[in-house]
Amino acid sequence: MLLVFLHVPGVVPGATPLELDITISNAVDSQFSFATGANSNKPGGIVGVALDGELVFQRAYGMADVAGGVPNSVAAPFYLASCSKQFTAMSVLLCQEMGLLRTADEIRQYIPELHTSFNGVTIQHMLNMISAIYDTGTGNQSQTATGMLAGLLMEGEYGIVAAEKPIGSTLKYCNMNYVLLGIVVERVSGRTLRQFAHDEIFSRLGMTGTDIRDTATMVVTNQPNGYDASLVLWSTASSNSPATGSTGVSSTLADLVTWHENFYVNKLGDANQSLIATMETAGRYTSGTHIGQPASGGGLPSYACGVMPDSYAGNARVWHTGRWMGFKTAMCRYPNLHLSVFILMNRDDQLPSFQTVADAFLNNVRFANNPPPSSAQQGTPYHFRYSATGAPKPVFTLESGAFPDGVFLNTDGTVAGTPVVPGDFAGVTKATSGAKTRTQAFTIHVDPASPLRITASSLGNGAILPAGAIDVPYGASASFTNIPAPWYHIGAVDVDGVMMGTPSVYTFTNVIAGHTIQVRFAADTAISNTPAWWLAEASSAWTNDLNTAASHDQDGDGLFTWQEYIAGTHPTNPASVFALHTTWTGGQWTVRLATVEPGAPYEGVNRYYSFDSRPSMVGAEWEPVPGLTDVRGTGQVLTCSGMDSASNRFYRGRVWLAP
């Protein structure tokens with residue numbers, strides 16, 4: 001299980017501004033000549049580049065199954081080899097957050113069967129590759145974690161390399177470190193490393209295409225076959241290693257992007273960003289100095305927890321590579337650029353430089369999609385988002401021209417808004433990444449919107465003009481006049497179901513949506529809320545003093561005019577009085593409710609009646625008559641049975657108006 005070290009070339013300034021598909025494809029394809037053209041029938045791999053969490057470039061090369069003629073796919077799960085270590089490291093740190101261990105603890109606290117020479121070796125030493133542990137068992141690619149531990153136990157005191165002492169003083173890449181860390185996770189959590197990672201990492205992040213092969217018989221569906229340097233096909237059953245902890249993870253490009261995105265906003269454990277900082281911070285020797293040495297010297301540039309943090313061309317970089325069982329892999333993240341590069345190979349004699357792939361994005365800014373849609377409609381929301389490759393993250397501005405009125409370009413590339421005027425618009429959008437720029441022209445034709453409908457209505461006793469369904473051009477204005485009938489006034493104007501007061505004229509301005517307007521008219525009233533229209537009709541001689549008319553008994557029948565209105569009788573006819581016609585037959589009492597005086601317009605009036613009785617006119621309470629309480633009068637006959645005919649009772653009827 002070897003770690004591969006790559007030579008990383010310097011950034012080439014002044015890259016020629018070619019189109020995205022040519023620039024990126026040529027740069028990446030040139031790295032895969034061993035699996036393209038005449039070599040396309042040989043094993044190859046896949047490459048993916050993510051910018052701001054989106055895969056802006058992904059491509060597959062060569063064959064997943066040479067004998068079967070099955071090509072590689074960007075959707076397939078690839079064996080990650082030593083890039084698996086970062087998942088083991090995260091599992092250890094999650095166990096620490098759960099209080100199951102401390103990275104300062106010595107390894108023999110959890111694996112006490114190790115020789116006493118391991119005293120002083122901490123979990124942190126192992127995470128940072130400075131433990132001095134002998135890397136036994138690595139040469140057997142089908143070895144399990146349990147088998148590798150057994151081999152280490154057989155080494156006894158020689159399980160600690162004397163040349164690397166004192167413990168914590170020498171950086172040496174060692175797979176046994178991570179095999180033992182995986183065993184520690186299993187012992188403290190009570191779950192297999194596979195199950196722990198599934199529960200606490202993969203499921204939490206939605207990495208449905210990721211798994212850990214921890215048995216020799218487990219097969220990862222759709223995983224390509226791994227090929228060794230002589231291109232001899234390894235059987236599918238042995239295309240993975242069960243040496244969990246140091247290796248064993250298979251994953252897809254999409255899942256790896258999800259994994260990298262979690263480093264920006266952590267969702268694991270307690271969702272603290274400090275978990276990420278701990279994982280990506282380079283370790284220190286026991287002496288206190290940072291571990292690592294320049295890659296040009298042949299050693300590790302640094303080591304944190306399953307990843308190697310360093311910098312490239314002034315940009316922070318966190319990366320790792322791997323090689324095992326016919327697979328070679330590289331995963332690299334540029335935190336301040338929000339850029340990730342993944343190279344996953346199913347042959348172990350080739351590994352294109354991830355930095356060369358990254359340089360294609362570092363050196364150029366390219367629009368990754370077509371211009372905005374060229375057609376739009378007035379009044380209809382318009383949305384588009386520019387995408388551009390380049391690092392740092394491109395910023396978008398309008399270099400010349402204009403977008404439609406009401407539509408705006410944000411610096412993140414979002415073009416959004418609602419066109420307010422029809423016409424033709426054109427311009428040039430510029431993407432800027434550092435000192436690099438790229439422009440793209442656009443043209444947008446905005447069609448006029450269809451007329452918008454305003455529905456106007458009244459509830460009688462007046463009118464609204466215009467009325468009915470009125471079509472209004474988009475963006476225009478429309479006014480409506482409310483005219484009450486005589487003896488009425490505007491009661492309320494409702495616009496789209498919301499009361500807007502009592503305006504005599506209501507104007508919709510800049511109409512960009514359909515509306516409704518409804519006016520309600522209310523009667524002018526005199527004393528005791530007697531409608532003015534009724535008083536005017538019933539006693540025209542009093543129209544100059546309606547309050548006097550309402551409080552006057554015009555026909556001398558003992559009822560004021562306002563009482564006549566409530567009773568439903570005629571105010572100038574003394575024979576028209578409030579009366580209840582009742583009959584008593586065989587223990588059954590009936591009463592006929594009064595009707596409205598013929599010819600009198602009592603519009604919308606609802607009269608309600610209640611009947612009470614008591615045995616004496618003195619010292620007794622009025623009691624409601626069952627079945628004859630709060631009854632709306634329509635001239636109907638009401639019946640009350642079960643009355644006591646043997647005793648005398650007094651009855652009264654009451655009438656009132658209600659909505």
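In this chain, numbering begins with 1 at the start of the sequence shown. The structure displayed is predicted, hence computed values, not measured ones.
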Engineer: Should Gln518 and Ile464 count as side-chain neighbours, where that means a heavy-atom distance under 4.5 Å?
Structural biologist: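 No, side chains not in contact.
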Engineer: Using a 3.5 Å distance criterion without hydrogens, assess whether the side chain of Thr437 forms a donor-acceptor pair with backbone atoms of Thr432.
Structural biologist: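 Here the side-chain-to-backbone pair does not exist.
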Engineer: Only one of Leu256, Thr258, Asp211 clears side chain to side chain contact (heavy atoms under 4.5 Å, CB included) with Ser251; which?
Structural biologist: Leu256
Engineer: What's the shortest heavy-atom distance between Pro503 and Met500, and which atoms?
Structural biologist: CD-O, 3.6 Å
Engineer: Tell me whether Asp447 contacts the main-chain N or O of Gln377 through its side chain, where contact means a donor paired with an acceptor under 3.5 Å.
Structural biologist: no
Engineer: Give the ring-plane orientation class for Phe396 versus Phe367, where under 30° counts as parallel, over 60° as perpendicular and anything between as tilted.
Structural biologist: tilted
Engineer: Under a 3.5 Å distance rule, please check whether Thr561 uses its side chain to pair with a backbone N or O of Pro571 as donor and acceptor.
Structural biologist: no
Engineer: Is the side chain of Gln58 donor-acceptor paired with the backbone N or O of Gly48 at a distance under 3.5 Å, no angle test?
Structural biologist: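 Looks like no, no N/O pair under 3.5 Å.
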Engineer: Check whether the side chains of His445 and Thr443 place a donor and an acceptor atom closer than 3.5 Å, and report yes or no.
Structural biologist: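 His445 vs Thr443: no donor-acceptor pair found between side chains.
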Engineer: For the residue pair Leu452 and Tyr474, what are the closest heavy atoms and their distance?
Structural biologist: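 Heavy-atom minimum between the residues: CD1-CD1, 3.7 Å.
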Engineer: What is the distance from atom CZ of Phe403 to atom CG of Leu409, rounded to the nearest 0.5 Å?
Structural biologist: 5.0 Å
Engineer: First locate atom OG of Ser528, then atom OH of Tyr565, and finally report the distance between them rounded to the nearest 0.5 Å.
Structural biologist: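 Ser528 atom OG to Tyr565 atom OH measures 12.0 Å (nearest 0.5 Å).
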Engineer: In this structure, are over 12 heavy atoms from other groups packed under 6.0 Å from His198 atom NE2?
Structural biologist: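 Atom NE2 in His198 is not crowded, with 12 or fewer foreign heavy atoms closer than 6.0 Å.
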Engineer: If you take all heavy atoms of Pro615 and Ala620, which pair is closest and at what distance?
Structural biologist: CD-CB, 4.1 Å
Engineer: Any donor and acceptor pair, going by atom type alone, linking the side chain of Asp405 with main-chain N or O of Val421 inside 3.5 Å?
Structural biologist: no
Engineer: Between atom CE of Met331 and atom OG of Ser340, what is the distance when rounded to the nearest 0.5 Å?
Structural biologist: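 One finds 8.0 Å between CE of Met331 and OG of Ser340.
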Engineer: Just checking Phe508 against Tyr506, ring centres under 6.0 Å apart?
Structural biologist: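 For Phe508 and Tyr506, the ring centres are under 6.0 Å apart.
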Engineer: Can a donor-acceptor pair be found, under 3.5 Å and without considering hydrogens, that links the side chain of Asn573 to the backbone of Asp555?
Structural biologist: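 No; zero donor-acceptor contacts below 3.5 Å.
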Engineer: Verify the distance criterion only: is there a donor paired with an acceptor across the side chains of Ser274 and Asn272 at less than 3.5 Å?
Structural biologist: no
Engineer: Ignoring hydrogens and angles, tell me if any N or O in the side chain of Asn547 forms a donor-acceptor pair with the backbone of Ile527 under 3.5 Å.
Structural biologist: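 Pair found, side chain donor or acceptor close to backbone of Ile527.
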Engineer: Can you classify the ring geometry of Phe263 versus Trp259 as parallel (below 30°), tilted (30 to 60°) or perpendicular (above 60°)?
Structural biologist: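 Phe263 and Trp259: perpendicular rings.
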Engineer: If you measure only the distance, is there a donor-acceptor pair under 3.5 Å linking the side chains of Ser576 and Thr569?
Structural biologist: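 The answer is no; no qualifying pair exists.
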Engineer: Report yes if the side chains of Leu535 and Trp487 come closer than 4.5 Å at any heavy-atom pair, otherwise no.
Structural biologist: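 Heavy-atom side-chain distance check fails, nothing below 4.5 Å.
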Engineer: For a quick test of reading the model, state the closest non-hydrogen atom pair linking Pro371 to Gln440 and the distance between them.
Structural biologist: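 Closest pair (atom of Pro371, atom of Gln440, distance): CA-OE1, 3.4 Å.
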Engineer: For Tyr264, does the six-membered ring have the charged nitrogen or CZ of Arg333 within the cation-pi criterion, i.e. under 6.0 angstrom from the centroid and within 45° of the normal?
Structural biologist: yes
Engineer: Working note: Ile512 + Val420, criterion side-chain contact (heavy atoms from CB on, under 4.5 Å); need CA distance, chi angles, decisive distance, verdict.
Structural biologist: CA-CA 8 Å; Ile512 60 174; Val420 296; 5.8 Å; no
Engineer: Is the backbone of Asp255 close enough, under 3.5 Å, to the side chain of Thr252 for a donor and an acceptor to pair up by distance?
Structural biologist: yes
Engineer: Do Trp533 and Asn461 make a side-chain contact, defined as non-hydrogen atoms from C-beta onward lying under 4.5 Å apart?
Structural biologist: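 Not in contact.
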Engineer: Side chains of Phe521 and Val519: does their closest heavy-atom pair fall under 4.5 Å?
Structural biologist: yes
Engineer: Measure the spacing between OG1 of Thr516 and CG of Asp494 and express it to the nearest 0.5 Å.
Structural biologist: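 Taking OG1 in Thr516 and CG in Asp494, the distance rounds to 8.5 Å.
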Engineer: What are the two closest heavy atoms between Pro394 and Leu51, and how far apart are they?
Structural biologist: CD-CD2, 4.2 Å
Engineer: Quick one: does Glu200's side chain have a donor or acceptor within less than 3.5 Å of a partner on Gly269's backbone?
Structural biologist: no
Engineer: So do Val357 and Phe57 actually touch side chain to side chain, heavy atoms under 4.5 Å?
Structural biologist: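 Result no, sub-4.5 Å side-chain heavy-atom pair not found.
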Engineer: From Ile566 CD1 over to Thr530 OG1, what is the distance, rounded to the nearest 0.5 angstrom?
Structural biologist: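 Nearest 0.5 Å value for the CD1-OG1 distance: 7.0 Å.
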Engineer: Please walk me through it: do His260 and Leu339 pass side-chain contact (heavy atoms from CB on, under 4.5 Å)?
Structural biologist: CA-CA 9 Å; His260 269 205; Leu339 175 71; over 6 Å; no
Engineer: Considering only heavy atoms from C-beta outward, does the side chain of Thr525 approach that of Trp562 to under 4.5 Å?
Structural biologist: no
Engineer: Which atom pair, heavy atoms only, marks the closest approach of Ser551 to Phe560?
Structural biologist: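 Scanning both residues completely, I find the closest heavy atoms to be O-CD2, 3.1 Å.
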Engineer: Please confirm whether the backbone N or O of Leu362 pairs with a side-chain atom of Lys436, one donor and one acceptor, at under 3.5 Å?
Structural biologist: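 Checking the backbone N and O of Leu362 against the side chain of Lys436, a donor-acceptor pair under 3.5 Å is found.
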Engineer: Yes or no on side-chain contact (heavy atoms from CB on, under 4.5 Å) for Thr502 and His489, after CA distance, side-chain angles and deciding distance?
Structural biologist: CA-CA 9 Å; Thr502 60; His489 61 275; over 6 Å; no
Engineer: Classify the ring geometry of Tyr609 against Phe578: parallel below 30°, tilted from 30° to 60°, perpendicular beyond 60°.
Structural biologist: parallel
Engineer: Quick one: are Asn482 and Ser458 in side-chain contact, heavy atoms under 4.5 Å?
Structural biologist: no
Engineer: Are any of the side-chain heavy atoms of Tyr382 and Pro373 separated by less than 4.5 Å?
Structural biologist: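 Yes; the side chains approach each other to less than 4.5 Å.
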Engineer: Roughly how far apart are Leu638 CG and Thr590 OG1, rounded to 0.5 Å?
Structural biologist: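 That separation rounds to 9.0 Å.
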Engineer: Ignoring hydrogens and geometry beyond distance, is a side-chain donor-acceptor pair present between Asp630 and Ser610 at under 3.5 Å?
Structural biologist: yes
Engineer: Run the side-chain contact (heavy atoms from CB on, under 4.5 Å) check on Asn262 and Ile276 step by step: do they pass?
Structural biologist: CA-CA 9 Å; Asn262 190 66; Ile276 303 302; 4.2 Å; yes
